[in-house]
**Q** 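My structure is below; once you've seen it, I'll send some questions.
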Amino acid sequence: MTTEEQPPTSAPASDHAHAPAPAPALQSARPIALITGVGRSIGIGAGIARQLAASGWDIAFTYWTPYDRRMEWGAEDGAAASIAEELAGAGARTAAIEADLTDPDTPARIFDEAEQRLGPVTALVLSHAESVDSGLLDTTVEAFDRHFAVNARASWLLIREYGLRFRGGSGSAPGDDSGPAPSAAPGTATGRIVALTSDHTVGNLPYGASKGALDRITLAAAHELAHLGVTANVVNPGPVDTGWMTGELRTSLARGTPIGRLGNPQDTAHLVDFLCSPQGQWVNGQLLKSNGGAAS
């Protein structure tokens with residue numbers, strides 16, 4: 001497997017197409033984060049959601065059960081509902097959105113539902129991933145295309161949708177929904193984009209290649225969305241065991257870090273929490289390795 005957000009990948013709100021439309025969101029003093037790839041309670045996405053909820057954010061999150069079903073860890077029954085309940089216990093309003101990110105229409109539907117149920121999104125955290133091991137000689141065209149559809153294309157479409165809808169405004173604090181503004185005042189940055197990546201390549205060609213594309217897309221946003229007051233960064237969580245590692249791999253990767261342990265979802269969540277905070281606005285356009293010093 002890979003060394004980062006292995007668990008869920010996200011995507012369609014199409015399952016909600018025949019459900020009654022939720023009531024429009026009420027005004028909230030809390031900023032709203034949209035986090036993709038929150039399909040399992042032990043995953044990095046869920047850890048980020050818990051941390052941001054504890055820091056005062058309302059949380060919309062996506063999950064895609066069919067992905068987990070076809071992976072060796074399997075689907076976690078009732079995960080979305082239990083995660084939402086846990087976040088609500090921390091004071092967050094929540095919106096769990098099942099979403100198939102192979103569908104290019106899904107990102108717009110995700111934002112539609114998040115906005116209707118909670119309000120305008122202040123922070124976008126991309127924690128979803130398609131990840132199936134294969135190398136140069138055994139990767140199929142179908143697998144290659146699916147990895148790029150989920151990890152690269154969907155990430156671009158989510159970032160684009162975020163940029164088209166962002167309503168932070170000049171000088172506003174996170175969570176200020178006073179209305180759209182075409183540009184932010186110089187020196188202010190109230191919007192946040194954080195994407196999770198990986199440096200894995202050997203034996204995992206489509207995953208590594210598509211994550212490389214994700215890096216470039218996200219770092220471009222740091223410049224192309226700067227006029228809106230949005231920062232964009234990429235985080236490499238390093239070796240985090242969320243249920244996909246063998247005992248042998250666990251031992252080997254732990255030995256590869258100076259402090260002799262693997263990462264955990266909370267390690268990544270603390271960094272994302274900082275990047276999404278007002279104190280993190282000076283960090284922009286960076287690929288940050290939160291990996292315990294693991295050797296490449």
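Just the heavy atoms: all of them, side chains too, but no hydrogens, waters or symmetry mates, feed the values below. Values in this document were obtained by computation on a predicted structure and should not be read as measured data. Numbers for residues simply follow the sequence, beginning at 1.
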**Q** Is the backbone N or O of Ala269 less than 3.5 Å from a side-chain atom of Arg50, with the two atoms forming a donor-acceptor pair by type?
**A**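 No: the side chain of Arg50 does not pair with the backbone of Ala269.
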
**Q** Would you find a donor on one side and an acceptor on the other, under 3.5 Å apart, between the side chain of Asn233 and the backbone of Gly285?
**A** yes

**Q** For Leu157 versus Pro107, what's the shortest heavy-atom pair and its separation?
**A**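 Shortest heavy-atom separation between Leu157 and Pro107 comes out as CB-CG, 3.6 Å.
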
**Q** Say you draw a straight line from CD1 of Ile193 to CG of Leu275; how long is it, rounded to the nearest 0.5 Å?
**A**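 So the gap between those two atoms works out to 12.5 Å.
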
**Q** Mind checking ring-ring contact (aromatic ring centres under 6.0 Å, His included) for Phe274 and listing every partner two or more places apart, or none if nothing turns up?
**A** none

**Q** Only counting residues at least two apart or in another chain, list the ones meeting side-chain hydrogen bond (donor to acceptor under 3.5 Å, both in side chains) with Ser210.
**A**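 Only Asn151 meet the side-chain hydrogen bond (donor to acceptor under 3.5 Å, both in side chains) criterion with Ser210.
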
**Q** Give a yes or no on whether Val272 and Val283 share a hydrophobic cluster (residues Ile, Leu, Val, Met, Phe, Trp, Tyr; joining criterion: side-chain heavy atoms under 4.5 Å apart).
**A** yes

**Q** By ring-ring contact (aromatic ring centres under 6.0 Å, His included), which residues pair with Phe111, not counting sequence neighbours?
**A** none

**Q** I would like to know whether Leu219 and Val234 meet side chain to side chain contact (heavy atoms under 4.5 Å, CB included); could you show each step before the answer?
**A** CA-CA 7 Å; Leu219 297 179; Val234 183; 3.9 Å; yes

**Q** Can Asp273 and Ser55 be counted as having a side-chain donor-acceptor contact under 3.5 angstrom?
**A** yes

**Q** Rounded to the nearest 0.5 Å, how far does OH of Tyr67 lie from OG1 of Thr102?
**A**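 Answer rounded to 0.5 Å: 13.0 Å.
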
**Q** Any heavy-atom pair between the side chains of Leu158 and Leu124 that's under 4.5 Å?
**A**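 Contact flag for Leu124/Leu158 side chains = yes.
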
**Q** As a quick check of understanding, evaluate side chain to side chain contact (heavy atoms under 4.5 Å, CB included) for Ile83 and Val38, giving each step before the final call.
**A** CA-CA 8 Å; Ile83 292 169; Val38 187; 3.9 Å; yes

**Q** Under 4.0 Å between a side-chain nitrogen and a carboxylate oxygen: does that hold for Arg165 and Asp112?
**A** yes

**Q** Do any N or O atoms from the side chain of Arg93 and from the backbone of Asp58 form a donor-acceptor pair under 3.5 angstrom?
**A** no

**Q** Check whether Phe144 and Trp156 end up in the same hydrophobic cluster, where Ile, Leu, Val, Met, Phe, Trp and Tyr are linked by side-chain heavy atoms less than 4.5 Å apart.
**A** no

**Q** Where is the tightest heavy-atom contact between Ser41 and Ala46, given as atom of each residue plus distance?
**A**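 Nearest pair, atom of Ser41 first, then Ala46: O-CB, 3.7 Å.
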
**Q** What distance do Ile97 atom CD1 and Phe61 atom CZ have between them, rounded to the nearest 0.5 Å?
**A** 9.0 Å

**Q** Restricting to non-hydrogen atoms, name the atom on Cys276 and the atom on Trp57 that form the minimum distance, rounded to 0.1 Å.
**A** O-CZ2, 3.4 Å

**Q** Is His128 reaching over with its side chain to a backbone N or O of Ile35, donor-acceptor style, under 3.5 angstrom?
**A**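 No; judged by distance alone, with no hydrogens or angles, the pair does not exist.
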
**Q** Between Arg192 and Ala189 (side chain of the first, backbone of the second, donor and acceptor by atom type, cut-off under 3.5 Å), is there such a pair?
**A** yes

**Q** What pair of heavy atoms forms the shortest contact from Leu118 to Ile32, and how long is it?
**A** O-CD1, 3.4 Å

**Q** So Thr36 and Val125, do their side chains get closer than 4.5 Å, heavy atoms only?
**A**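 No - every pair of side-chain heavy atoms lies 4.5 Å or more apart.
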
**Q** Keeping Ser82 on the side-chain end and Ala79 on the backbone end, is there a donor-acceptor pair under 3.5 Å?
**A**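 Flag set: sc Ser82 to bb Ala79 pair under 3.5 Å.
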
**Q** Can you tell if the side chain of Leu196 reaches within under 4.5 Å of the side chain of Ile48, non-hydrogen atoms only?
**A** yes

**Q** Hey, does the side chain of Glu161 reach the backbone of Ile159 with a donor-acceptor pair shorter than 3.5 angstrom?
**A** no

**Q** Okay, side chain of Lys211, backbone of Thr201: is any donor-acceptor separation there less than 3.5 Å?
**A** no

**Q** On a heavy-atom basis, which atom in Ser290 and which in Val235 lie closest, and how many Å separate them?
**A** CB-CG1, 4.3 Å

**Q** Quick one: CG on Leu205 to CG on Leu137, what's the gap to the nearest 0.5 Å?
**A**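 If I round to the nearest 0.5 Å, the distance is 9.5 Å.
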
**Q** I need the minimum non-hydrogen distance between Ile44 and Pro265, along with the two atoms involved.
**A** CA-CB, 3.9 Å

**Q** Using the side chain to side chain donor-acceptor pair (under 3.5 Å) rule, take Thr197 and Asp215 through it: C-alpha gap first, then chi angles, then the decisive distance, then the call.
**A** CA-CA 7 Å; Thr197 192; Asp215 297 351; 2.6 Å; yes

**Q** Does Asp103 pair with Arg109 as a salt bridge, N-O distance under 4.0 Å?
**A**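 Judged by the 4.0 Å cut-off on N to carboxylate O distance, Asp103 and Arg109 do form a salt bridge.
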
**Q** Counting N and O atoms only, with roles assigned by atom type, does the side chain of Tyr162 sit under 3.5 Å from a partner on the main chain of Thr122, one being a donor and the other an acceptor?
**A** yes

**Q** Let me confirm one number: the CG-CD1 distance from Asp105 to Ile110, rounded to the nearest 0.5 Å.
**A** 11.0 Å

**Q** In terms of hydrophobic clustering (I, L, V, M, F, W, Y; side-chain heavy atoms under 4.5 Å; direct or indirect links), are Val132 and Trp64 co-clustered?
**A**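 The answer is yes; both residues are in one hydrophobic cluster.
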
**Q** Is Arg153 paired with Glu130 through a side-chain N to carboxylate O contact shorter than 4.0 Å?
**A** no

**Q** Evaluate the criterion side chain to side chain contact (heavy atoms under 4.5 Å, CB included) for residue pair Asn204 and Ser134; output intermediate values, then yes/no.
**A** CA-CA 5 Å; Asn204 209 348; Ser134 61; 5.6 Å; no

**Q** Assess whether side chain to side chain contact (heavy atoms under 4.5 Å, CB included) is satisfied between Thr94 and Glu85, documenting all intermediate values.
**A** CA-CA 8 Å; Thr94 65; Glu85 184 177 0; over 6 Å; no

**Q** For the pair Asn236 (side chain) and Ser198 (backbone), establish whether a donor and an acceptor sit closer than 3.5 Å, ignoring hydrogens and angles.
**A** no

**Q** How far does CZ of Arg167 sit from OG1 of Thr190, to the nearest 0.5 angstrom?
**A** 12.0 Å

**Q** Decide yes or no for Tyr63 and Asp68: does some side-chain heavy atom of the first lie under 4.5 Å from some side-chain heavy atom of the second?
**A**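 Side chain of Tyr63 against side chain of Asp68, heavy atoms only: no contact under 4.5 Å found.
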
**Q** Might you confirm whether atom CG of Asp138 has over 12 heavy atoms from other residues, nucleotides or ligands at distances under 6.0 Å?
**A** yes

**Q** Is the number of heavy atoms from other residues, nucleotides or ligands within 6.0 Å of CD (Gln266) greater than 12?
**A** yes

**Q** Side-chain contact test, heavy atoms from C-beta onward, threshold under 4.5 Å: evaluate it for Leu34 versus Thr62 and give yes or no.
**A**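 With C-beta onward as the side chain, the pair touches.
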
